[in-house]
Amino acid sequence: MKISNICCIGAGYVGGPTMAVIALKCPEIKVTVVDKSEEKINLWNSKDLTKIPVFEPGLNEIVQKVRGKNLFFSNDISSSIDEAEIIFIAVNTPTKKSGRGKGMAADLSNVIASAKEIAKFSKSDKIVVEKSTLPVRTAEKLKEVLSLTNKKVKFEVLSNPEFLAEGTAIQDLFKSDRVLIGGEQTKKGQLAVNSLVEIYKKWIPINKILTTNIWSSELSKLVSNAMLAQRISSINSLSAMCEKTGADINEISKAVGMDSKIGPYFLNSSVGFGGSCFQKDILNLVYLAKFYGLDEVAEYWHQVIKMNNYQKERFALNIIKLINNNEHSVSVSILGWAFKKNTNDSRESASIYVTDILLKNEIFVNVYDPMVPRDNIISDLINLWSSQELSTAKTENLLGRLNIENNYVDAIKGSSLSAILTEWDEFKDCDWESLVKSMKSPSIVYDGRNILPKQDKKINHIKLGVTHNL
Ligand code: NAD
Ligand code: UGA
């Protein structure tokens, strides 16, 4: 089937950039992105492109080119669904907060709600594409919801997981390592797969478009994220060993990564991985393994999360040890709130957990991030504390020790230790020698990302995964 109209449900970090790129590469296709949040759609339609809700290098330029031509952001969910031949579901699938699978399984309520909307508003046959990351065998459930809600229309469900990383989303979408499309092994299923292949073929070489059965596609996405996160937890576990033994984790990463069987990627030791997906997808994998009675498999993958939590906590406790917190009103600056550079996303960022521990240890914290707005920083902490059922009085007490600055100079001034938690270039390039002069003793720069070029003798510079003698 030749496609001329696409709808995407979910205008977030995936829906927005992926649809912008499809619109750019396929000018003959009308692409409409809808969302249940009217406010978000209005922001996507902002004249001022700095206001669009996702910050990604290169995204504004694309939106400027195609918005209003063949890319539309709309609140009219019903007609956008009805007019489309293909509907992508790119809604959020967070970890469940209640009910069966609480704290582990993926919450599919947004996906099911989207399927019901699709079924309700469709007057002709549709191809429904799972773009969200989903547990293996979700397509079965989706098909059931679609066909039970609307018996007049035929739905073909495909799995087309997204592999973009935030901060590099546009380049990842332009030059994907692979595009994965899973479909039913029936004639209609394969026709639907081919329709989607035809779209990606416009800019992705055909040998990078992989078609599989639908369950392999769904599970490959969880496995990819689990394997990436596993490498980070592996290297982070060894950063602790380096600090005890005199080995240097950066030298280890390089030496190990040069083995072509291992490869150099995802071996940067850090204060712990963040982002909305690694933790939730691994927990989901753990839940699925348990569901299928594979307890050893579940425990194996769960360890990746446990190690990540250990690393975040270890970093915070190291800060407390380093500043030897025995005087009143000692303060620490947290440089970077986003979970990685070049994004305004702070979901599950290590900064949230490190700051939580510091504040609870009576330490004053000055935060600075170039992209994450002040309100998001505060709501990240409030959300964590409400999940811990902290009282309002305790929350206010903790917030009383939090200070958010608009630049790193002010954040660093007067603090005893500056901790780099996000690898923003500006922290790498700034003049640390003069900045430490504005700090209080012991004026430590604790590099949780190992971005400062070398062990600078002129500053008290401590690297993660390197023995220090302070
Ligand atoms: P997001 O929270 O940024 O965006 C999801 C959007 O869906 C929100 O704007 C929300 O309002 C909207 N939505 C939810 N239910 C809806 C409904 N019933 N009708 C209309 N709109 C609805 O999420 P995201 O980061 O874009 O992630 C989406 C999915 O893609 C998740 O499953 C995630 O695991 C996966 N994924 C994310 C990334 C990433 O880098 N963020 C990368 C690959 C895959
Ligand atoms: C990750 C995957 O890389 C994408 O392929 C996937 O599509 C996406 O998750 C998803 O499903 O959401 P993302 O989370 O955006 O992308 O960013 P990454 O570059 O993978 O970084 C994740 C976290 O790991 C960040 O906190 C980052 O700083 C950290 N990290 C990464 C390290 O600590 N060390 C590394 O060597 C690499």
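Both counts, for ligands and for their atoms, begin at 1 and track the order of listing.
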About how many Å separate [atom2] of [Y] and [atom1] of [X], when rounded to the nearest 0.5 Å?
X	Y	atom1	atom2	value
Asp107	Ser98	CG	OG	7.5 Å
Ile252	Cys242	CD1	SG	4.5 Å
Ser159	Leu134	OG	CG	7.5 Å

Ligand-side contact atoms (ligand 2) for residue partner [X], heavy atom cut-off under 4.0 Å:
X	result
Cys277	10 (C), 11 (O), 12 (O)
Phe273	23 (C), 24 (O), 26 (O), 29 (C)
Ser270	32 (C), 33 (O)
Glu162	7 (O)
Leu228	2 (C), 3 (O)
Lys221	6 (C), 7 (O), 10 (C), 11 (O)
Ala165	3 (O), 15 (O), 16 (O), 17 (O)

Mind checking whether [X] has an N or O less than 3.5 Å away from an N or O of ligand 1?
X	result
Glu162	no
Lys221	no
Asp281	no
Val14	yes
Thr93	yes

Consider every N or O of [X] and every N or O of ligand 2, then say whether any pair is closer than 3.5 Å.
X	answer
Leu164	yes
Gly272	no
Arg449	yes
Phe339	yes
Glu423	no

Which of the numbered atoms in ligand 1 are under 4.0 angstrom from any heavy atom belonging to [X]?
X	answer
Glu166	39 (C), 40 (O), 41 (N)
Ile9	19 (N), 20 (C), 21 (N)
Gly12	1 (P), 3 (O), 4 (O), 26 (O)

Contact partition for Ile232 relative to ligand 2, non-hydrogen atoms under 4.0 Å: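 The answer is the side chain of Ile232.
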
Proximity to ligand 2 by part of Tyr265, non-hydrogen separation under 4.0 Å: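 Within the 4.0 Å criterion, Tyr265 makes no contact with ligand 2.
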
Six-ring centre of Phe163, Arg178 cation under 6.0 angstrom, axis tolerance 45°: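 Positive - Arg178 is close enough to the ring of Phe163 and near enough to its axis.
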
Pi-cation contact, Phe72 with Lys30 (under 6.0 Å, within 45°):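 Yes, Lys30 sits over the ring of Phe72.
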
Keeping [X] on the side-chain end and [Y] on the backbone end, is there a donor-acceptor pair under 3.5 Å?
X	Y	value
Asn236	Ser269	no
Asp281	Asn225	no
Lys116	Lys120	no
Ser132	Val111	no

Per atom 18 (P) of ligand 2, closest listed option by heavy atom (Arg231, Lys340, Gln311):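 Comparing heavy atoms across Arg231, Lys340, Gln311, the nearest one to atom 18 (P) of ligand 2 lies in Lys340.
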
The one among Leu134, Val111, Asn110 that brings a heavy atom closest to atom 15 (N) of ligand 1: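 Considering heavy atoms of Leu134, Val111, Asn110, the nearest to atom 15 (N) of ligand 1 sits in Asn110.
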
Identity and distance of the protein heavy atom lying nearest [atom]:
atom	result
atom 20 (C) of ligand 1	Lys36 N, 3.1 Å
atom 22 (C) of ligand 2	Phe278 CE1, 3.6 Å
atom 1 (P) of ligand 1	Arg347 NH1, 3.8 Å
atom 9 (O) of ligand 1	Asp35 OD2, 2.6 Å
atom 15 (O) of ligand 2	Glu166 N, 2.7 Å
atom 29 (C) of ligand 1	Val91 O, 3.3 Å

Aromatic ring pairing Tyr408/Phe427, orientation class (parallel under 30°, perpendicular over 60°, tilted between):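 Taking Phe427 first and then Tyr408, their aromatic rings stand perpendicular (interplane angle over 60°).
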
Are any of the side-chain nitrogens in [X] or [Y] under 4.0 Å away from the carboxylate oxygens of its partner?
X	Y	value
Glu83	Lys123	no
Glu299	Lys306	yes
Glu140	Arg137	yes
Lys254	Glu251	no

From CA spacing to verdict: ring pair (Phe, Tyr, Trp, His ring centres under 6.0 Å), Phe315, Tyr446: CA-CA 9 Å; Phe315 188 82; Tyr446 191 11; 4.3 Å; yes

Salt bridge (Lys or Arg N to Asp or Glu O under 4.0 Å), paired with Glu166, selected from Arg347, Lys340, Lys341: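 Of all the options given, the one that passes is Arg347.
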
Cys277 and ligand 1 - part of the residue with a heavy-atom distance under 4.0 Å: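 Cys277 to ligand 1: side-chain contact only, backbone stays beyond 4.0 Å.
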
